[in-house]
Amino acid sequence: MKKIRIALAGNPNVGKSTIFNALTGSRQHVGNWPGVTVEKKSGYARLGEYEIEIVDLPGTYSLTAYSLDEVVARDFIVEEKPDVVVHVVDATNFERNLYLTTQLMELGVPLVMALNMADMAEKAGTMINRSSIKKFFEVPVVRTVGSKGEGLDELLRTAILESETSPHHEHAIGYGDAIERSISDLGAAIGSDPALAARYPPRWLAIRLLEGDENVKDKIRDSPAAQKILALLEQSDLDRTEAAMADRRYEVIAALLPQVCTTCVKEMNSSDIIDQVITNRYVGIPIFLALMWGAFQLTFAVATPFMTAIDELFAYCATALAESGAEPAWLMSLLGDGIIGGLGSVIIFLPNIFILLFLLSLLEDSGYLARAAFVMDRLMYAIGLPGKSFIPMLIGFGCNVPAIMATRTIEDKNDRLITILINPFMSCGARLPVFVLLAGVFFPANAGNVVFVLYVLGIVVAIASAWLFRKTLLPGRPAPFLMEMPPYRLPTFFTSVRHMWDRGYMYIRKAGGIILAGALIVWFLATFPYGVEYGSADSYAGMLGHLLQPLFAPLGFDWKIAVALLFGFIAKEIVVGSLGVLYGAGEDEETLSAALLADPSLGPVTAFALMVFVLLYMPCIAALAVIKKETGSWKWALFSVGYGIAVAYILALVIVHTVPVLSGGI
Amino acid sequence: MAALPLLFLSPGAEATVTDVRAGHGMLCRLAAMGIHPDSRVSVVCSDRGSLIVSVAGSRYALSRGMAMKILVNSAGGSIPCRFSK
């Protein structure tokens, strides 16, 4: 068994992860917007006697890295030196990809080009001559269609062959006499440190230095030859050189392109008209809001029959359990109140989460996501963030953890930090059960609208907080907006369902793991010390609740809610699970909805305040951990907890005390 | 054949980039994305301050400030092919 390692590199949104999934059988998230993959992912494939490690890299336009995800991609190629780099190229947009090709060629890595989305290019009439590419670029080319798995075996075979062909010469672009002289001078200086020259190809290093790559400058700083190299660098006019080198690359590309592709000139197409409408100054934001509103209405309409079915199933189990009269009583209570009451009340809402995730994946796969960022750019810029920050915010509707990771594509450090800190205000799928439950009970006629209002409130609080952070803690101006708008694609039902399942499965696993555990802890607290009445003030839960209750008294939340909110920190669904356990104290047939409605301490206003509190009060444990990881400090993670609680408390207080006055005045 | 900032083009207009007057990091980035002297751009829409342009089949959203730094030759509309020099 021989082992080789290949890396999938290329521009953003060309289908690297789709190929990766098809080769390794993984289920990495894919979508139609640049920046879906922000971290390298490994998987394995087998072909003949080879075991092949495949590394999927974040997309990058060039080997000069600007944002964290690009640094990940570049460092892997340069530092870890995979046996072969597979340059995945979007065949429908061939020319643009070639800039990175020239840089990879200069690096001298064994290179294979995968001409991906070839079916779409052929349909559009683009003819790319693969043998000419091989001739002019000296790179083997394989036609692939990642989404259908075409050409992937050949891709692996070609990569294996390329890994065994040695040595690899650096395919050079000539930069003209003046620049070439600088390159060879620098190359000689680099060559005087053999360790450095062995690590990085000297010519490549010289070129990167002349292009003013700060990151590469850091790489030579410890070398004994650093002084000499930096002195040489001082002598050249970097700004002019850099522009001249980019020009030269394009000259080479422009000269070669007609030889390999005669039809690569693009015409305007239908997405122009769509773009002119949905990004229009006046209707852009209304269209976005209308889509969101429609999504929540649909979430309710489609989920209701499923919810009823699940509800009946659990009700049947509960009744059967109660009627069986089996012993011991504590076990019956554990099954009835703890598991059916706690876990069941969360599982009922899985249909809502799945439908929301389905709609979210339509948003991602169609290409609208990037447009939404563009539509919001003016507003975002006014509050001090680039429009790009809106993408992680929308991803947060699914789950804040990947959303916070998605901020890696934001180049500026403060822009990114603000985007991370406001993300927990974007209402994730885990909060949906709380809203659906309470809105369904207290606002039965307008549940969809109430949930829509909560999501919009989340966006408003996020944006207002961003403005506040920009004005106080993290001053600066947002980096200029520059983002690729992916082509519109009609999402297929099957792929969207698969994306929904891949993400929704996480919620099912969570329900069987941490949420079940949370429900059992609350049940335990509600049952013991031994002999007390279940869920009464004398139980541990009652004691804990009454200890916390004074804190929540101004908001009108009773002790049961206080306990639920406390455990909701672990995962927001547990708020519902805990209420299910604690309100299970009543008669056996009583559902959680009926029990909540019967509770005198809860009315529409308090329920709305509670939903607002749950929306904002703090990131869950998983989100907190990822905030710590991505910001690199506990300081910001704890800040987000404190800030969230303060905002949630103040807003809930305002609602509880102003809404009755306002409505009383009518 | 006067050069003017990309921002001043109206939607639907096509032009050839003549100069990119950006700082050196941004220059490199724009070049890697296909926006460099001699490349053909067309403006898809520009009514919100920022604009969407189409370059070699890719579509980019640019902020106004950046569109000011990209100079184009608006009379370039008559050049039939990008590769004729």
Side-chain angles (χ1 to χ4, degrees), chain A residues 11 60-64 66 90 92-96 99-100 103 211-214 238-239 242-243 245-247 249-251 254-255 257-258 264-268 271-272 275-276 279-282 284 370-371 373-375 377-378 381 386-388 411 478-487, chain B residues 6-7 10-14 16-70 77 79-85:
Chain A
N11 286 176
T60 178
Y61 292 103
S62 70
L63 288 181
T64 317
Y66 299 92
D90 175 0
T92 64
N93 193 355
F94 184 62
E95 181 186 355
R96 209 274 310 281
Y99 193 83
L100 181 61
Q103 292 199 325
E211 282 194 292
D213 190 326
E214 289 298 323
L238 287 187
D239 277 353
E242 184 186 5
M245 290 169 88
D247 285 353
R249 281 200 192 104
Y250 272 107
E251 272 172 39
L257 192 67
C264 285
V265 180
K266 289 283 154 39
E267 296 300 320
M268 299 268 273
S271 10
D272 289 341
D275 268 344
Q276 276 161 14
T279 65
N280 180 279
R281 183 205 305 241
Y282 302 106
R371 269 72 180 190
F374 179 73
V375 165
D377 177 55
R378 177 178 281 194
Y381 191 84
K388 228 183 199 177
E411 297 94 353
F481 187 47
L482 173 61
M483 200 175 85
E484 186 169 359
M485 300 281 120
Chain B
L6 179 59
L7 184 68
S10 45
E14 283 190 46
T16 306
V17 175
T18 55
D19 196 5
V20 181
R21 294 191 177 156
H24 95 169
M26 194 46 78
L27 191 78
C28 234
R29 184 169 194 78
L30 286 169
M33 293 172 120
I35 301 173
H36 62 98
D38 284 345
S39 61
R40 299 278 296 151
V41 292
S42 66
V43 176
V44 178
C45 51
S46 69
D47 68 344
R48 336 180 38 91
S50 35
L51 65 169
I52 297 183
V53 297
S54 172
V55 181
S58 297
R59 206 153 276 228
Y60 299 108
L62 297 175
S63 61
R64 208 199 309 235
M66 213 167 324
M68 276 303 288
K69 289 176 184 160
I70 299 170
I79 297 175
C81 174
R82 254 172 308 156
F83 308 116
S84 58
K85 290 225 163 178

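Here is the naming used below: chain letters follow the sequence lines, and residue numbers restart at 1 for every chain. For clarity, every value in this text was computed on a predicted model and none was experimentally measured.
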Go through it in stages, so that I can follow the logic: the residues are B:D38 and A:D247, the test is side chain to side chain contact (heavy atoms under 4.5 Å, CB included), and I'd like the CA-CA distance, side-chain angles, deciding distance and then a yes or no. CA-CA 9 Å; B:D38 284 345; A:D247 285 353; over 6 Å; no
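- For A:Q103, there are no side-chain hydrogen bond (donor to acceptor under 3.5 Å, both in side chains) partners, not counting sequence neighbours.
- To the nearest 0.5 Å, the span separating CZ on B:R64 from OH on A:Y381 amounts to 9.0 Å.
- The structure places OG of B:S63 at 11.0 Å from NZ of A:K388, a figure rounded to the nearest 0.5 Å.
- Listed for the A:Y250 side chain is a donor-acceptor partner under 3.5 Å among the backbone atoms of B:G34.
- Here B:I52 is the residue among B:I52, B:V55, B:V20, B:L27 with the most heavy-atom pairs under 4.5 Å with chain A.
- Taking all atoms of both residues into account, the shortest heavy-atom contact from B:C45 to A:T279 is SG-OG1, 3.3 Å.
- Rounding to the nearest 0.5 angstrom, the gap separating the OH atom in A:Y61 from the CZ atom in B:R29 is 7.5 Å.
- Remark: B:D19 engages B:R21, B:L71 in a side-chain contact (heavy atoms from CB on, under 4.5 Å) (not counting sequence neighbours).
- Contact annotation for A:Y99: only side-chain heavy atoms (C-beta onward) come within less than 4.5 Å of a heavy atom of chain B.
- Atom CG of A:L482 sits about 4.0 Å away from atom CE of B:M33, to the nearest 0.5 Å.
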Can you list the steps and then say if B:V44 with A:M485 is a side chain to side chain contact (heavy atoms under 4.5 Å, CB included)? CA-CA 11 Å; B:V44 178; A:M485 300 281 120; over 6 Å; no
Start with the C-alpha gap between B:H36 and A:R249, add the side-chain angles, then the distance that decides, and say whether side chain to side chain contact (heavy atoms under 4.5 Å, CB included) holds. CA-CA 11 Å; B:H36 62 98; A:R249 281 200 192 104; over 6 Å; no
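- For chain B, the option among A:E211, A:E214, A:R96 with the highest count of heavy-atom pairs below 4.5 Å is A:R96.
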